[in-house]
Amino acid sequence: MPIDKTVNSFDEAVSDISDGSVVMIGGFGGAGGMPHLLMLALRDLGVRNLTIIGNTAGIAAPTGFGWPDGVEPIDHAVLIENGQIAKVIASFPVSGSVSRPNAFEKAFRAGEIELELVPQGTLAERMRAAGAGIPAFYTPTAAGTVLAEGKETREFDGREYVLEHALYADYALVRAKTADTLGNLAYAGTSRTFNPTMAAAGRVTIVEVDEIVAPGGIDPERVDTPSIYVQRIVARPPASEGGVALP
Amino acid sequence: MTDPAPRLGREVIAMRVAREFGDGEVVNLGIGIPTLCSDFVPPGVQLIYQSESGLLNCGPLAGEDDGQVDLINAGGQFLSPIPGMAFFDSAEAFAMIRGGHIDVTVLGALQVSATGDLANWFLPARGVGNVGGAMDLAVGAKRVIVAMEHNPRTGEPKIVPECTYPLTGRGCVGLIVTDIAVIEVLPDGGGLRLIEHAPGWDATSIQAVTEAALTVSDDLTEMTLA
């Protein structure tokens, strides 16, 4: 039987995520590369006590970061406002504007959410390590800062390095431009960001795409994420067929 | 004490920083004044911009209606495409940064110390902050230039003997460009050396609004922008 990882609905794609799951959410912070409809389905599923891992904790609503004018942003904030998140692991959790806090900052101040702040490059490398079977690695980033406190350090060639551990997830919610039915993925422009790395770090990787094509529909020379890292793919309905008009 | 002369604008700080760029260099610009530097690159200097959003080489900011969500800089602003761009994921973007492949990064700062320690990510009054890529850039770029206002509106010194805010990196800053001065950080704990002053300012008036001790270059000159 031909392999086909297509799932027919967003609700079905996330249906086995359970209370307490660790979930990676792709993207940089703006509209591009973010799995909007998977996040809405996860909100509707209503599971709680989740740990989410991503570059931000949902910063688009206060400042419009990376979103076109006039479009209401959808990001991690939908899960936070719904009370589903216990912990966030991120590098850029709060709004760039002190006077315009995001949903995360309000919940953090209220003591409702725990935060693990990780430098952006360390966050990416911890995911890469998880996907590549490396349990930990030394990095110069954060040496001598509060983000290295309590961590093992070691000197190499007279410079201090910090031991950082691989970061795994039960689920990775990833956004790509195109998938073939086997799960090979291609991205667009700066919408790669954490998506390819999360795809490898997630035990179950669920991908939201604009378009699903037959095998061969993506030039094998241009596959960004090989299918081995992908378990489920689900296509966004075109706006003309009742889909949500989102970037 | 009153300023002896007006302080320079944000664009003028950016203009002075841009004179530091060498032809062909790979440059990563932080958010705020650093982003403005791209408007003032000297004629004959071609730069390759690198961004944490996963791109190498890009055009200027996109026009109001031309923005594409799949072409942004690290500040979430839409860019225009140009021939010769390259896209990559975050792990690779930071391999470039930590791996020493970035010639210059320009960052904003809350505090810089006499030994070049940088604090730019956490405002204690807010109690939570964004580290983003700043710590990776601080350790990885070959040269770190700080572009900032010399004092905040409230007036307290930002160039200090020791940072009191949480650090971004230790001993990483090489040059500080402000709205009244250009200051070198000397290697091996050699301290800070004033090399240029804004029009109407001198070593005494700059030292008066600087908490860290400054030595004065024998070649102290007025800041030149062209």
Side-chain angles (χ1 to χ4, degrees), chain A residues 28-34 55-56 59-60 63-69 90-96 98 101 104-105 108-109 115 117-125 127-128 131 139-147 159-160 177 187-197 224-225 247, chain B residues 31-32 51-55 58 64-65 67-79 81 85 87-100 117-119 121-123 125-140 163 165-172:
Chain A
F28 192 72
M34 202 167 272
N55 190 37
T56 80
I59 57 167
T63 60
F65 184 103
W67 278 79
D69 288 346
S91 88
F92 208 95
V94 294
S95 158
V98 180
F104 166 78
E105 187 168 353
F108 180 76
R109 288 191 189 291
L115 171 65
L117 189 71
V118 183
Q120 200 170 120
T122 300
L123 187 64
E125 194 63 16
M127 293 174 193
R128 202 199 70 79
T139 177
T141 303
T145 77
V146 294
L147 297 189
R159 191 177 189 192
E160 187 180 326
K177 180 83 177 163
Y187 303 90
T190 53
S191 290
R192 285 163 175 77
T193 63
F194 288 83
N195 284 303
T197 320
D224 295 313
T225 294
Chain B
I31 298 169
S51 170
E52 301 95 305
S53 59
L55 74 82
C58 60
E64 194 88 334
D65 301 316
Q68 297 290 326
V69 300
D70 294 328
L71 188 49
I72 63 165
N73 65 18
Q77 297 170 298
F78 300 125
L79 299 168
M85 293 188 295
F87 299 120
F88 37 85
D89 64 58
S90 298
E92 180 141 20
F94 283 92
M96 292 176 186
I97 290 170
R98 274 189 318 266
D117 292 350
L118 172 66
W121 69 274
F122 188 90
L123 210 50
R126 189 177 188 181
V128 60
N130 290 322
V131 65
M135 286 191 182
D136 303 281
L137 283 160
V139 299
C163 295
Y165 293 172
L167 292 185
T168 306
R170 286 199 186 275
C172 56

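Lettering follows sequence order; numbering is per chain, from 1. A quick note: this is a predicted structure, and the numbers were derived from the prediction, not measured.
Residue A/Glu160: no heavy atom, backbone or side chain, is found under 4.5 Å from chain B. Contacts between B/Ser51 and chain A at a heavy-atom distance below 4.5 Å are absent for every atom of the residue. Residue B/Ile97 does not touch chain A at all, counting heavy-atom pairs closer than 4.5 Å. In this structure, chain A has heavy atoms under 4.5 Å from both the backbone and the side chain of B/Arg126. Contacts of A/Leu115 with chain B are made by side-chain atoms alone, with heavy-atom separations under 4.5 Å and no backbone atom involved.
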Begin with the C-alpha distance, continue with both residues' side-chain angles, and end with the deciding distance and a verdict on side-chain hydrogen bond (donor to acceptor under 3.5 Å, both in side chains) for B/Asn73 and B/Ser53.
CA-CA 6 Å; B/Asn73 65 18; B/Ser53 59; over 6 Å; no

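Ranked by heavy-atom pairs under 4.5 Å with chain A, the list B/Glu52, B/Met85, B/Gln77 is led by B/Glu52. Per-residue counts of heavy-atom pairs under 4.5 Å with chain B were compared for A/Val94, A/Thr122, A/Thr145; the largest is that of A/Val94. Between chain B and the options A/Gly121, A/Pro140, A/Pro196, A/Ala124, heavy-atom pairs under 4.5 Å are most frequent for A/Gly121. Here B/Gly129 is the residue among B/Ala125, B/Ala134, B/Gly169, B/Gly129 with the most heavy-atom pairs under 4.5 Å with chain A.
The main-chain N or O of B/Ile72 is found under 3.5 Å from a side-chain atom of A/Thr190 such that the two form a donor-acceptor pair.
Within the 4.5 Å cutoff, no side-chain heavy atoms of B/Phe87 are placed close to those of B/Glu92. Taking 4.5 Å as the limit, every side-chain heavy atom of B/Val128 sits out of range of all side-chain heavy atoms of A/Leu117.
Scored by the salt bridge (Lys or Arg N to Asp or Glu O under 4.0 Å) test, A/Asp224 finds A/Arg192 as partners (sequence neighbours excluded). For B/Arg170, the salt bridge (Lys or Arg N to Asp or Glu O under 4.0 Å) criterion is met by B/Asp117, not counting sequence neighbours.
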